[in-house]
Engineer: 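Before I ask anything, here is the structure I am working with.
Predicted, not measured: the structure shown is a model, and the values here were computed from it. Chain naming here is simple, since letters A, B, ... match the order of the sequence lines and numbering starts at 1 in each.
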Amino acid sequence: MQWEPVIGLEVHVQLSTCSKIFSGASTAFGAEANTQACGIDLALPGTLPVLNENAVAMAVRFGLAINAEIPEYSVFERKNYFYPDLPKGYQTSQMAHPVVGRGEVDITLGDGTIKTVRIHHAHMEEDAGKSLHEDYSGMTGIDLNRAGTPLLEIVSEPDMHSAEEASAYIRAIHAIVTYLGISDGNMAEGSMRCDVNVSLRPKGQEKLGTRAEIKNVNSFRFVERAIAFEIERQSEILEEGGVIVQETRLYNPDLDETRSMRTKEEANDYRYFPCPDLLPLMLDEAYIEHQRSLLPELPSEKRQRFVESLGLSTYDADVLTGSRPLAEYFEAVQKLCGDAKLAANWVQGDLLGRLNRDGLDITQTPVNAEQLGGLLARLQDDTINGKAAKQVFADLWECRGETADEIIETRGLKQVTDTGAIESLCDQVIADNPVQVTQYREASEDKRGKMIGFFVGQVMKASRGTANPPQVNAMLTEKLDALL
Amino acid sequence: MHDKTLAELARGLAAGDFSSRELTTSLLARIKRHDPAINSFITVTEEQALEDADAADALRHRGEAGVLGGLPLAYKDIFCTEGVRTSAGSKMLDNFIAPYNATVVEKLRHAGTVSLGKTNMDEFAMGSSNENSYYGPVKNPWNPTLVPGGSSGGSAAAVAAGLAPAALGTDTGGSIRQPAAFCGITGLKPTYGRISRYGMIAYASSLDQAGPMARTAEDCAMLMNAMAGHDARDSTSVARNVPDYTQDLDKPLNGLKIGLPVEYFGEGLAPEVESAVREAVKVYESLGAQVIDVSLPHTRLAIPAYYVIAPAEASSNLSRYDGVRFGHRCEDPADLEDLYKRTRAEGFGDEVKRRILIGTHTLSEGFFDAYYRKAQQVRRLIRQDFLDAFTRVDVLMGPAAPTTAFELGAKADPVQMYLQDIYTIAINLAGIPGISVPAGLADNRPVGLQILGPHFGEAHLLNVAHVYQQATDWHQRRPEIKE
């Protein structure tokens with residue numbers, strides 16, 4: 001039978017507020033255990049939560065970015081369960097009345113088509129702490145630094161049908177939250193985590209199959225891998241006439257498989273009820289409009305502008321708007337050199353290629369936008385040629401100079417455009433290579449076009465790469481053709 | 001000195017008749033002498049009290065003392081006090097030294113008051129007799145075979161016995177007003193949101209409210225001036241101007257419209273309590289008030305609704321007592337589940353466990369709509385009853401409790417105990433303020449008159465209570481305590 005996978009995602013995004021969602025403790029990552037947990041985070045008797053306004057603003061801006069309705073009223077509820085890294089014995093979350101209502105996100109697939117994924121809602125909640133199972137000789141350590149970190153949980157409709165679509169969706173969410181500046185989107189540090197719901201149904205059937213939920217998948221690649229594994233696993237069961245058990249599973253990246261964590265029968269009854277310590281959150285029109293006025297240009301808007309006013313291909317525009325730092329880098333380079341296509345080629349080719357090779361992301365680039373823009377400007381105004389540009393870029397990468405101009409100067413890479421100098425080099429090369437000159441003269445016209453390359457190469461070599469290739473080409477053609 | 005009201009003591013301190021140290025020393029000595037029989041204190045902070053007193057005296061010396069400067073107070077052991085055990089009357093927190101002060105404690109300390117210590121209470125404020133304390137029951141100073149009421153039984157008994165001129169209590173379903181009635185003192189439960197709950201150990205968050213317990217309405221007014229007000233650390237506290245509660249205490253009551261809820265004078269009300277309350281109402285009539293009967297039709301639903309909402313919130317509020325970070329932890333837990341089970345089985349008393357079980361059940365999948373949602377609907381109806389009544393009358397009056405203080409051990413059946421709060425519980429559900437004032441003695445047992453007002457009507461309630469206390473002397477009666 002033909003099975004159709006149905007995939008829905010819950011993406012937990014850590015909001016980049018300075019302090020926690022209900023306390024004044026810092027949210028900075030990587031501090032010594034339990035140094036960023038105050039009395040409220042420890043759930044000391046008598047302490048009470050106070051909602052972080054900035055977290056609300058960030059959630060609302062996300063809602064506006066996905067064209068969602070922002071209800072004028074939302075409610076925090078308590079999700080009750082016992083766990084050592086959950087200090088209050090409940091997680092303050094939202095359930096019946098989330099801060100962000102229905103919205104939608106466009107995703108771009110590999111073939112360039114755009115698909116819309118509906119968002120069911122997004123709600124605010126607090127993160128739990130961490131249980132540390134190493135180094136405590138049979139005991140478990142608890143680190144509450146993360147407890148109370150604000151999260152925005154974005155719940156999609158089950159609108160995706162392949163690992164590729166799910167991956168494109170997470171990238172789109174990642175782009176939106178990083179553009180908005182509401183999250184650093186750092187998956188390695190847990191700033192974005194996904195729960196993935198996967199079910200299969202016979203192709204053509206409308207009714208959904210039984211789903212498995214894969215918890216806490218924390219990289220783009222793992223999401224794809226986990227889904228691929230899960231589709232495989234479920235279709236094998238179904239093909240053999242078995243039934244899928246509704247359950248929660250965990251993805252193990254080392255083994256590249258998912259394993260059952262608990263079945264529906266073992267699931268907690270979370271006993272949600274409105275948190276009596278927090279009043280309903282009321283947002284008026286003026287507040288929402290103010291948040292709207294703070295929205296930056298969003299990825300989809302930027303993409304469209306790159307195509308329409310900068311003349312980039314949809315593919316280039318898509319790659320370059322993949323993250324806000326990358327888009328901003330490209331735009332800075334483009335402004336400095338004045339040529340969008342040239343900037344796009346260099347950023348996507350040389351820059352991303354090298355970053356990729358060295359395992360760096362755009363924010364860690366050794367060559368900043370001013371340096372690359374300065375380099376391309378020299379290429380653009382013919383100060384250097386393409387070959388020299390590559391050398392300058394390599395030097396910038398190794399931090400051998402502050403600016404492209406400095407490197408061009410110290411390494412003498414300035415292109416020779418002095419006609420006299422080029423002419424004497426050309427004459428010299430023609431004189432030094434009588435055999436090739438003879439061959440050239442005897443060749444047919446279309447072959448001569450190719451043979452000219454040899455002479456150009458010799459002149460370039462003699463000029464140590466500084467001659468202007470088109471100029472050399474023109475001059476050589478003229479001189480050799482005169483010998484015919 | 002122990003017979004004086006807070007206002008009288010304040011005048012004495014201001015006049016230099018005695019120092020705060022002298023006052024504090026004499027009260028500490030009294031506590032030492034009499035409290036072993038009453039058991040109203042869980043912790044006496046003698047050292048801190050003397051330090052506080054000296055600091056207050058020094059301030060007064062410099063002419064910088066405020067109205068409350070140097071006045072000793074006791075705190076129900078539900079308010080976090082920095083560096084001092086804060087037990088909530090539970091074994092669970094027997095070893096808990098609070099690392100911070102509750103907002104009200106902070107405010108009263110800032111006002112220059114002296115902290116005598118922490119008073120006994122029903123465990124986590126769950127109870128109406130103070131028999132549910134890990135630290136043993138409190139005896140009613142009027143008669144040691146009687147309960148003082150609860151859950152703020154220690155605070156009420158300490159004031160009645162002259163061990164502290166005033167104390168703080170909390171009231172979730174009557175826990176200030178009922179013990180105030182049983183011990184013959186004045187106790188105010190302010191409007192929900194009037195006083196910060198920050199640092200007050202939560203029982204049922206949407207109902208809990210701190211309030212003053214003292215000899216007179218005037219004393220309560222003095223304390224309210226320091227206690228009330230918005231707190232940025234408590235989102236449910238209300239940002240609303242705090243009046244001077246002492247300003248209008250003497251305003252005459254001519255034309256005051258008093259409503260008597262017919263439901264508060266029905267079956268279950270002890271005749272001696274009813275006659276005392278009706279006598280008090282007559283006093284008001286003689287002071288120029290008009291009396292009319294009103295109805296609060298949903299009164300009978302108050303106890304059922306309360307016993308859904310309060311345990312539901314409690315079941316969640318008390319989840320933090322898990323043996324992981326503070327408080328009691330069982331010995332040698334075998335695993336996580338064992339840690340939770342034994343810690344909580346050992347740390348909580350029966351009534352607390354009962355309410356956690358009720359609350360866990362009513363919030364469960366499949367029961368939530370029938371219990372919790374329904375109870376919230378009832379809560380709105382009850383609130384509306386009061387709002388409707390206050391369109392016709394200025395205040396409501398009735399008994400604070402259906403009986404006078406009962407014998408220790410007399411109410412072994414929890415439901416009989418829950419019925420104690422029949423006249424107080426609806427007030428918490430509605431969020432309105434209520435005050436209990438001494439209004440008689442029946443068989444040498446105090447009777448409390450309860451006066452209710454609309455939201456944020458505390459100043460008026462205190463005025464109504466104060467004028468009554470100018471006309472009567474019930475609040476001046478003291479239990480006989482062998483010196």
Engineer: Give, as side chain, backbone, both or neither, the part of B:Phe79 having an atom under 4.5 angstrom from any heavy atom of chain A.
Structural biologist: neither
Engineer: Using side-chain heavy atoms (C-beta onward) and a distance below 4.5 Å, is B:Glu313 in contact with A:Phe273?
Structural biologist: yes
Engineer: Looking only at heavy atoms and a cut-off of under 4.5 Å, which of B:Ser316, B:Cys80, B:Ser235 has the most pairs with chain A?
Structural biologist: B:Ser316
Engineer: Which residue out of B:Asn317, B:Leu93, B:Ile78, B:Leu207 racks up the most heavy-atom pairs below 4.5 Å with chain A?
Structural biologist: B:Asn317
Engineer: Which heavy-atom pair separates B:Asp234 from A:Val50 by the least distance, and what is that distance?
Structural biologist: N-CG2, 4.5 Å
Engineer: Taking side chain as everything from C-beta outward and backbone as N, CA, C, O, which of these in B:Tyr192 sits under 4.5 Å from a heavy atom of chain A? Side chain, backbone, both or neither.
Structural biologist: side chain
Engineer: Counting N and O atoms only, with roles assigned by atom type, does the side chain of B:Arg325 sit under 3.5 Å from a partner on the main chain of A:Ala43, one being a donor and the other an acceptor?
Structural biologist: no
Engineer: Nearest 0.5 Å, what's the CG-NZ distance between B:Asp322 and A:Lys88?
Structural biologist: 12.0 Å
Engineer: Within the supplied structure, the quantity of interest is the number of heavy atoms (other residues, nucleotides, ligands) at a distance under 6.0 Å from A:Tyr83 OH; does it exceed 12?
Structural biologist: no
Engineer: Would you mind reporting whether B:Ser319 and A:Tyr81 have side-chain heavy atoms less than 4.5 Å apart?
Structural biologist: no
Engineer: So, the side chain of B:Arg320 versus the backbone of A:Leu44: is there a donor-acceptor pair under 3.5 Å, distance only?
Structural biologist: yes
Engineer: Show, in sequence, the C-alpha distance, side-chain angles and deciding distance for B:Tyr198 and A:Ile40, and conclude whether the side chain to side chain contact (heavy atoms under 4.5 Å, CB included) test is met.
Structural biologist: CA-CA 11 Å; B:Tyr198 191 81; A:Ile40 295 170; 4.0 Å; yes
Engineer: Distance from B:Arg197 atom CZ to A:Thr47 atom OG1, nearest 0.5 Å?
Structural biologist: 11.0 Å
Engineer: Taking side chain as everything from C-beta outward and backbone as N, CA, C, O, which of these in A:Asn80 sits under 4.5 Å from a heavy atom of chain B? Side chain, backbone, both or neither.
Structural biologist: side chain
Engineer: Does any heavy atom of chain A fall under 4.5 Å from the side chain of B:Leu336, the backbone, both, or neither of them?
Structural biologist: side chain
Engineer: Check this for me: A:Met282, atom CE, are more than 12 non-hydrogen atoms of other residues, nucleotides or ligands nearer than 6.0 Å?
Structural biologist: yes
Engineer: Side chain, backbone, both or neither: which part of B:Phe367 has a non-hydrogen atom closer than 4.5 Å to chain A?
Structural biologist: neither
Engineer: Identify the heavy atoms of B:Tyr321 and A:Pro45 that sit nearest to each other, and give their distance.
Structural biologist: OH-CB, 3.6 Å
Engineer: Which one, A:Asp277, A:Leu144, A:Leu278, leads in non-hydrogen pairs under 4.5 Å with chain B?
Structural biologist: A:Asp277
Engineer: Can you tell me which portion of B:Phe326 sits under 4.5 Å from chain A's heavy atoms? Options are side chain, backbone, both or neither.
Structural biologist: side chain
Engineer: Under a 4.5 Å heavy-atom cut-off, does chain A meet the side chain of B:Ala232, its backbone, both or neither?
Structural biologist: backbone
Engineer: Checking B:Arg373 against chain A: side chain, backbone, both or neither under 4.5 Å from a heavy atom?
Structural biologist: neither
Engineer: Between A:Gly46 and B:Tyr100, which heavy-atom pair has the shortest distance, and what is it?
Structural biologist: C-OH, 3.2 Å
Engineer: At a 4.5 Å cut-off on heavy atoms, which part of A:Tyr272 comes close to chain B: side chain, backbone, both, or neither?
Structural biologist: backbone
Engineer: Should we say atom NZ of B:Lys374 is surrounded by more than 12 heavy atoms from elsewhere, each under 6.0 Å from it?
Structural biologist: no
Engineer: If you round to the nearest 0.5 Å, how far is CZ of B:Arg344 from CZ of A:Phe82?
Structural biologist: 3.5 Å
Engineer: Is it true that atom CD of A:Glu72 has more than 12 heavy atoms of other residues, nucleotides or ligands lying nearer than 6.0 Å?
Structural biologist: no
Engineer: Around atom CD of A:Glu289, are there more than 12 heavy atoms of other residues, nucleotides or ligands at under 6.0 Å?
Structural biologist: yes
Engineer: Just give me the residue among A:Thr140, A:Ile142, A:Leu42, A:Leu48 that pairs up with chain B most often, heavy atom to heavy atom, under 4.5 Å.
Structural biologist: A:Leu48
Engineer: With a 4.5 angstrom heavy-atom cut-off, could you sort out which part of B:Ala312 is near chain A: side chain, backbone, both or neither?
Structural biologist: backbone
Engineer: Chain A heavy atoms under 4.5 Å from B:Thr360: which part of the residue, side chain, backbone, both or neither?
Structural biologist: both
Engineer: Does atom NZ of B:Lys353 have more than 12 heavy-atom neighbours from other groups under 6.0 Å away?
Structural biologist: yes
